[in-house]
Amino acid sequence: MKAAAAIDGERLWRRHMALAEIGATGKGGVNRQALGADEARARALLAEWAGERGYRVSVDGISNLFVRREGTDPALAPVLTGSHIDSQPTGGRFDGAYGVLAALEALQALDEAGIETARPIEAVAWLNEEGSRFAPGMMGSEAFCNLRPLDDILAVTDRAGVSVADELPRALAATPGAERREIGFPVAAFVEAHIEQGPALERAGLPIGVVTGIQGVRRMRVRVTGEEAHAGTTPPSARRDALWEAARMIDALQRNIHRTEEHRFTVGMMEIRPNVPSVVASEVLFSIDIRHPDSDTLARLEAGVAAICRGASLACDFESWTIAASPSIRFDDRVVDTVEAAAADLGLGHMRIFSGAGHDARQLSHVCPTGMIFVPCEGGISHNEAENATPADLADGARVLAETLVRLAAG
Ligand code: GLV
Ligand code: MN
Ligand code: MN
């Protein structure tokens with residue numbers, strides 16, 4: 001238990017608060033968009049903290065950032081642990097940041113406890129998990145795991161037409177002392193610590209969630225095309241109103257897909273043209289996010305989207321397409337058991353839990369044994385500036401992480 005005993009909860013909390021100043025929002029959250037100026041400052045701060053401890057900092061060609069604590073056998077594949085430092089535009093202080101800072105804290109605790117591991121352990125901040133500026137997200141982990149062609153990722157543009165390739169140099173320049181590394185290398189295991197982003201742990205009064213897997217998701221887009229027309233002179237029969245028809249489609253989708261408490265259907269983004277009060281809208285682009293723990297159900301829901309939109313459309317044209325599709329995944333039994341045993345040995349209350357939110361761990365699970373550790377967040381609130389967690393819970397999660405890493409990096 002020496003590694004867990006060396007976790008410094010105050011230091012971990014101080015770092016959260018320092019990181020949260022970068023991109024701080026008026027309501028106490030953060031806005032750190034992937035590849036933006038604030039994200040670059042956050043990278044620099046992480047590298048500074050790592051440098052103070054003498055850890056080797058490296059960055060790969062898609063700007064995933066790594067901090068390495070050497071093993072006694074440097075030739076062995078490392079154990080990776082981490083998450084992301086980008087946020088939603090109205091994001092909280094802990095989503096992603098916790099996994100990266102807990103990783104750094106765990107490395108430091110191992111040092112302070114004088115623990116050697118055969119395998120190196122690397123803390124990682126993956127590029128663009130959230131996908132709010134450049135969609136879809138999980139870019140860094142997808143590139144690392146070779147799940148999506150690099151050229152496709154580099155070509156993604158934000159709403160202003162700026163591409164990932166355009167903005168990448170800023171992220172790479174944020175850590176000038178970092179070694180450059182190839183994208184993707186052998187990994188022995190990956191563990192990600194994260195706030196739960198839901199209410200289950202808080203309701204159960206337990207500090208630790210042993211995550212067994214992640215539910216599947218479909219991210220789609222629908223473009224509705226009508227025609228601009230004068231709001232005062234054009235009678236209803238002559239209109240091709242893209243906004244009204246998009247609203248009809250969303251209502252029909254909501255009623256058809258959101259059938260049970262297990263179904264998750266969200267339209268969170270809409271772009272309207274020309275988006276002025278006195279012109280009938282000629283084009284609407286909206287997003288669809290569908291999630292369900294059963295992969296077959298999810299595939300069926302996705303397949304039904306076009307027919308539901310067709311049924312709701314009147315005079316406009318539309319097209320729908322999928323930009324990201326992930327089935328539900330189950331984490332590696334050995335990693336799940338290791339997390340569970342670490343929590344039990346530390347005397348921390350825990351329960352097994354299936355993640356409703358997506359995480360980089362989903363991507364990593366395709367290339368190495370993977371698991372996650374959840375800690376409670378206040379009221380289950382996340383993707384919200386009010387997101388909150390207690391210093392004690394964050395520290396307990398870091399303790400479980402440190403013990404898990406010691407066991408996984410043993411050789
Ligand atoms: C990740 O932030 C997700 O949307 O699940
Ligand atoms: Mn996250
Ligand atoms: Mn998130």
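Start at 1 and go down the list; that is how both ligands and their atoms are numbered.
For the pair Arg248 and Trp244, the cation-pi criterion (under 6.0 Å, within 45° of the ring axis) is fulfilled.
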Residue pair Ser313, Glu245: steps toward the side chain to side chain donor-acceptor pair (under 3.5 Å) verdict: CA-CA 6 Å; Ser313 76; Glu245 295 199 19; 4.6 Å; no
Arg399 and Glu403: CA distance, side-chain angles, deciding distance, salt bridge (charged side-chain N to carboxylate O under 4.0 Å, His left out) verdict: CA-CA 6 Å; Arg399 289 185 182 103; Glu403 278 306 316; over 6 Å; no
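Using a cut-off of 2.8 Å, one finds that Glu129 contributes no N/O/S atom close to the Mn ion (ligand 3). The Mn ion (ligand 2) has an N, O or S atom of Asp95 under 2.8 Å away, backbone or side chain.
In this structure, Ala410 and Ala118 approach most closely via the heavy-atom pair O-CB, 3.3 Å.
Remark: distances from the non-hydrogen atoms of Arg219 to ligand 1 include one below 4.0 Å. Ligand 1 lies out of reach of His359, whose nearest heavy atom is not under 4.0 Å from it.
Side-chain N/O atoms of Ser132 and Gln33 include a donor and acceptor closer than 3.5 Å.
With hydrogens and angles disregarded, no donor-acceptor distance shorter than 3.5 Å links the side chain of Asp60 to the backbone of Phe144.
Every atom of ligand 1 is numbered from 1 in the order shown, and the set under 4.0 Å from a heavy atom of Ala357 is 5 (O). Near Glu130, the atoms of ligand 1 lying under 4.0 angstrom from a non-hydrogen atom of the residue are 1 (C), 2 (O).
Rounded to the nearest 10 degrees, the angle NE2 (His84) to the Mn ion (ligand 2) to NE2 (His194) equals 120°. Between the OE1 atom of Glu130 and the NE2 atom of His383, the angle centred on the Mn ion (ligand 3) amounts to 90° when rounded to 10°.
Of the candidates Glu129, Arg291, Gln197, the one placing a heavy atom closest to atom 3 (C) of ligand 1 is Arg291.
Contact check on Arg133 versus Glu39 returns no salt bridge, with no Lys/Arg side-chain nitrogen under 4.0 Å from an Asp/Glu carboxylate oxygen.
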